[in-house]
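Below is one structure, written out as structure tokens; the observations come after it.
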2 protein chains.
Amino acid sequence: MTQPSSTVRELIRQHYSDLTQSERKFANALLENYPAAGLASITIVAGQTGVSTPTIARMVQKLGFKGFPQFHKALLKELQAKVSGPTERRANWATEAPESHLLNRFAKAVTQNIQTTFSNVPSEAFDAAAHLLADTDHTLFIVGGRITHALADYAFTHLQAVRPRVIHLTSSSATWPHYLLDMEKGDTLLMFDIRRYESNLLRLAELARDRGVAVVLITDQWSSPVAEIATHSFNCWVEIPSAWDSNVSTLMLLEALISATQEEAWPNTKDRYERLDRLFEQTRLFRKPGGA
Amino acid sequence: MTQPSSTVRELIRQHYSDLTQSERKFANALLENYPAAGLASITIVAGQTGVSTPTIARMVQKLGFKGFPQFHKALLKELQAKVSGPTERRANWATEAPESHLLNRFAKAVTQNIQTTFSNVPSEAFDAAAHLLADTDHTLFIVGGRITHALADYAFTHLQAVRPRVIHLTSSSATWPHYLLDMEKGDTLLMFDIRRYESNLLRLAELARDRGVAVVLITDQWSSPVAEIATHSFNCWVEIPSAWDSNVSTLMLLEALISATQEEAWPNTKDRYERLDRLFEQTRLFRKPGGA
DNA sequence: CCCGTTCTGAAAAAAATTTTCCACATCGAC
DNA sequence: GTCGATGTGGAAAATTTTTTTCAGAACGGG
């Protein structure tokens with residue numbers, strides 16, 4: 001993928017690690033509004049980004065251009081090439097894919113799902129659920145089904161960073177009795193169950209409830225039977241034109257919950273986060289963050 | 001500007017009868033290559049059209065602009081509007097939640113990420129990557145990092161349903177050499193690496209490439225160093241106002257890739273899907289679908 | 001906590017762009 | 001064929017944009 005005459009977009013990616021904070025500010029702005037954000041005069045571009053003109057000038061030189069005018073011309077050339085290429089005249093400027101491409105059909109369906117999902121989240125239940133997830137006085141158990149196993153894993157990784165006493169039940173239901181042994185009144189069970197609902201998840205939820213455990217359920221728009229038992233349950237719209245279901249909205253709700261949990265637990269867990277950061281530094285397996 | 005809300009295109013049509021021969025020359029050139037042909041400097045624009053600078057200057061004044069810079073700005077503004085245009089910015093997201101509720105802030109940030117991500121996917125590379133993932137004559141390896149492990153898992157679960165010969169590398173890098181042993185020329189490695197890029201993933205990618213394996217990378221907007229090596233790489237916008245990154249857009253791109261893969265591989269794998277369905281029925285662990 | 005390095009933006013200098021002015025060319029009318 | 005009106009582009013003037021310079025600020029390492 002290393003081509004001599006690459007697009008400005010590629011040039012930015014290639015040189016991104018060389019860029020300074022202010023320069024990245026412009027790089028990000030340009031990538032987010034490509035190529036329009038780079039086609040005005042250097043003065044205007046700098047003003048819109050909130051940096052000075054020399055910063056822009058220095059950056060385009062790092063990208064390999066002799067000066068801003070050359071950079072400007074390169075962007076323009078790309079724009080022109082796009083028009084003469086596929087004869088579509090009114091094509092989306094920012095998007096390369098034609099309207100009917102799978103990418104666009106997919107984006108449309110998923111955006112719709114996300115909107116519907118969010119419109120249907122009861123905010124009190126959401127806040128209450130976040131409160132449960134942030135309760136470090138009790139243990140938090142997480143479990144998912146066949147497909148949602150990955151989501152449970154994701155939830156576990158993040159919540160474990162936020163708070164102690166988080167346990168991920170492996171998806172093999174044979175091991176669940178062991179975990180049930182340790183569940184106590186006041187604990188919380190975060191559960192994922194989307195269609196092709198799994199009966200052993202329902203059984204687990206029942207047993208957990210009987211032990212005084214609060215159940216937070218993330219399910220699909222048709223609601224898993226676990227919803228009857230759950231303390232709080234949230235519906236995510238998952239349907240896409242495909243043989244399987246999309247979990248984008250599910251992940252989005254999960255992330256929102258994690259975010260709320262973190263916000264709630266922050267005073268208690270800030271130190272925890274910093275310790276985790278230091279631990280990663282020490283292992284030297286991880287590079288510094290890429291940007292802002 | 002007499003008409004504040006009319007496009008330059010419309011202005012040209014409106015004033016076309018007032019234009020002189022040379023002026024029409026530029027008008028036609030602009031309409032044919034809109035708006036790129038008007039976004040360079042007046043000198044260049046004039047040169048490309050084959051007329052003099054005063055001609056251009058007089059014409060844009062006839063169109064109602066004070067000068068060429070104003071005309072330039074108007075074109076740019078139209079271009080910019082296109083980017084944010086197709087996205088329906090919903091005024092009220094969650095029906096009941098107040099504007100400032102975390103849910104709404106979150107939805108806003110993530111929607112922005114998704115849009116930008118999709119705008120930046122090169123459709124040819126996407127199709128090519130789907131082709132690689134659908135190639136059942138070779139083995140497909142999947143690997144993720146610390147956080148993206150869950151995404152790799154998700155990808156594995158779905159792709160395994162679509163095609164045979166899919167292998168998920170556990171996130172423990174100690175076991176990777178074993179997998180490398182079995183990698184052969186023509187195989188594909190699907191890799192996730194978002195910031196806090198992991199150096200052992202880079203090493204793995206290098207070794208895989210050396211063995212003739214195609215690397216498909218899903219990374220963040222700043223690009224993992226693996227991108228240098230990858231056959232195809234895709235950038236996902238992951239930034240949210242939080243200490244960690246959102247993987248909603250990442251999952252969305254992944255699902256789109258899975259969807260494309262499935263579409264491509266369908267003739268060969270339809271039977272596989274039906275067999276899988278029957279197997280689930282037989283285990284009796286799963287209930288019938290809940291809805292539509 | 002200090003020092004050296006790197007980064008950043010205000011302002012001046014340099015280089016362009018845009019505009020204005022004016023002479024020449026073109027065209028149709030008489 | 002001459003005249004007047006209109007259209008056109010070369011070149012200078014006015015303006016703006018781009019670049020350079022430099023001093024202060026921010027950052028990171030010891």
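Within every chain, numbering begins at 1; the chains are lettered A, B, ... in the order of the sequence lines, protein sequences first and strands thereafter. For the numbers below, each heavy atom of this structure counts, side chains included, while hydrogens, waters and symmetry mates do not.
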> For A:E23, which contact category applies under a 4.0 Å heavy-atom criterion: base, sugar-phosphate, or nothing?
Replying inline: nothing

> To the nearest angstrom, how far is A:F71 atom CZ from D:dT19 atom C1'?
Replying inline: 16 Å

>> At 10 degrees resolution, what angle do the end axes of the helix from C:dC1-D:dG30 to C:dC30-D:dG1 form when each is taken over five base pairs?
In response: 30°

>> Can you tell me how far apart CH2 (B:W237) and OG1 (B:T250) are? Round to the nearest 0.5 Å.
In response: 11.5 Å

> Can you tell me how far C1' of C:dC7 sits from CZ of A:F26, to the nearest Å?
Replying inline: 18 Å

> How many Å lie between CD1 on B:I56 and C1' on D:dG10, as a whole number?
Replying inline: 16 Å

> Expressed in angstrom and rounded to an integer, what is the separation of A:L39 atom CG from D:dT18 atom P?
Replying inline: 12 Å

>> To the nearest 0.5 Å, what is the distance between CG on A:L133 and CD1 on A:I258?
In response: 9.0 Å

>> Between B:T55 and D:dG9, is there a contact of a side-chain N or O with OP1 or OP2 at under 4.0 Å?
In response: yes

> Hey, what's the ring geometry for B:F106 with B:W244, parallel, tilted or perpendicular (30° and 60° as the breaks)?
Replying inline: tilted

> Is the backbone N or O of B:L151 less than 3.5 Å from a side-chain atom of B:T148, with the two atoms forming a donor-acceptor pair by type?
Replying inline: no

> How many Å lie between CG on B:D18 and C1' on D:dT6, as a whole number?
Replying inline: 15 Å

>> From CE of A:M59 over to P of C:dT8, roughly how many Å is that when rounded to an integer?
In response: 12 Å

> Relative to the ring of A:Y16, is the ring of B:W222 parallel (under 30°), tilted (30 to 60°) or perpendicular (over 60°)?
Replying inline: tilted

> Do NZ/NE/NH1/NH2 and the carboxylate oxygens of B:R209 and B:E206 come within less than 4.0 Å?
Replying inline: no

>> Looking at C:dT8, I'd like to know if its phosphate oxygens (OP1 or OP2) sit under 4.0 Å from a side-chain N or O belonging to A:S22.
In response: yes

Could you go through nucleotides 27-29 of chain C and list every protein N or O atom that sits under 3.5 Å from one of its N or O atoms, giving the distance for each pair?
none

> For B:M59, which of B:L63, B:T55, B:I56 qualifies under side chain to side chain contact (heavy atoms under 4.5 Å, CB included)?
Replying inline: B:L63

> Are the side chain of B:T219 and the backbone of B:S224 linked by a donor-acceptor contact shorter than 3.5 Å?
Replying inline: yes

> Which letter, B, S or -, goes with each nucleotide of nucleotides 17-24 of chain C from 5' to 3', with contact meaning a protein heavy atom under 4.0 Å?
Replying inline: -BBB----

>> B:N235 vs B:S223, test: side chain to side chain donor-acceptor pair (under 3.5 Å). Steps then yes/no.
In response: CA-CA 7 Å; B:N235 300 91; B:S223 278; 2.8 Å; yes

> Atom CE of A:M252 and atom CE of B:M252: how far apart are they, to the nearest 0.5 Å?
Replying inline: 10.0 Å

>> Under 4.0 Å between a side-chain nitrogen and a carboxylate oxygen: does that hold for A:R24 and B:E239?
In response: no

